[in-house]
Amino acid sequence: MAVIPHRTIDCIGLFCPVPILRTQGAMADVGVGDVVEVLSDDPAAEGDLRGWLGRTGHELLTLDKHGTVFRFLVRKTR
């Protein structure tokens, strides 16, 4: 079954720390169990997001890369 995000954050053209800050803000605005889609073309996005997830405890559902654009689906866990 496809996961439909509750919110999409378009961070294309933005670099660290902006994608993480915008993701953090989006997570504050959604409920526990909701999913946020993050789009980023920052080459460091994968490592940055994984590190942030490790610190916050939220769950990475999927990570796709199409060309230079990463697409993350993150579930809020708390």
Side-chain angles (χ1 to χ4, degrees):
M1 180 188 285
V3 175
I4 298 176
H6 293 83
R7 185 154 179 206
T8 297
I9 305 302
D10 185 349
C11 297
I12 295 173
L14 305 173
F15 296 94
C16 187
V18 178
I20 297 302
L21 294 174
R22 289 198 177 173
T23 302
Q24 183 175 349
M27 295 302 269
D29 292 340
V30 299
V32 173
D34 288 351
V35 175
V36 173
E37 175 184 46
V38 181
L39 305 173
S40 178
D41 60 350
D42 180 353
E46 180 179 3
D48 292 346
L49 189 69
R50 286 184 186 274
W52 180 79
L53 291 169
R55 290 188 302 278
T56 62
H58 299 303
E59 178 185 7
L60 178 62
L61 298 177
T62 63
L63 163 60
D64 298 313
K65 187 173 183 187
H66 301 282
T68 61
V69 177
F70 291 97
R71 178 180 179 260
F72 306 94
L73 290 179
V74 179
R75 176 175 286 133
K76 183 172 181 173
T77 58
R78 55 184 180 88

Check your understanding: Can you tell which of Leu63, Leu53, Asp64 makes a side chain to side chain contact (heavy atoms under 4.5 Å, CB included) with Phe72?
Key ->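 Among the candidates, only Leu63 passes.
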Verify, without hydrogens or angle tests, whether [X] (side chain) and [Y] (backbone) share a donor-acceptor contact under 3.5 angstrom.
{"X": "Lys76", "Y": "Met27", "result": "yes"}
{"X": "Thr77", "Y": "Gly57", "result": "yes"}
{"X": "Asp42", "Y": "Cys16", "result": "yes"}

Point to revise | Salt bridge flag under 4.0 Å for residues Arg7 and Asp34 | key: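 No salt bridge links Arg7 with Asp34.
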Do [X] and [Y] make a side-chain contact, defined as non-hydrogen atoms from C-beta onward lying under 4.5 Å apart?
{"X": "Asp48", "Y": "Pro19", "value": "no"}
{"X": "Phe15", "Y": "Ser40", "value": "no"}
{"X": "Arg78", "Y": "Thr56", "value": "yes"}
{"X": "Lys65", "Y": "Arg71", "value": "no"}

Do [X] and [Y] share a hydrophobic cluster (ILVMFWY, side-chain heavy atoms under 4.5 Å, transitive)?
{"X": "Ile20", "Y": "Val35", "answer": "no"}
{"X": "Trp52", "Y": "Val36", "answer": "yes"}
{"X": "Leu60", "Y": "Ile9", "answer": "yes"}

Practice item. I would like to know whether Thr8 and Leu39 meet side chain to side chain contact (heavy atoms under 4.5 Å, CB included); could you show each step before the answer? Key: CA-CA 8 Å; Thr8 297; Leu39 305 173; 4.2 Å; yes
Practice item. Starting from the C-alpha separation in whole Å, work towards a yes-or-no answer on side chain to side chain contact (heavy atoms under 4.5 Å, CB included) for Val74 and Leu49. Key: CA-CA 10 Å; Val74 179; Leu49 189 69; 4.1 Å; yes
Review point. If you measure from CG on Leu73 to CD on Glu59, what distance do you get to the nearest 0.5 Å?
Key: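 Those atoms lie 10.5 Å apart.
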Check your understanding: How far apart are the C-alpha atoms of Val18 and Arg22, what are their side-chain angles, what is the distance that settles it, and do they pass the side chain to side chain contact (heavy atoms under 4.5 Å, CB included) test?
Key -> CA-CA 6 Å; Val18 178; Arg22 289 198 177 173; 3.8 Å; yes
Practice item. Write down the atom of Phe70, the atom of Ala45, and the distance for their closest heavy-atom approach. Key: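 Taking every non-hydrogen atom into account, CD1-CB, 4.0 Å.
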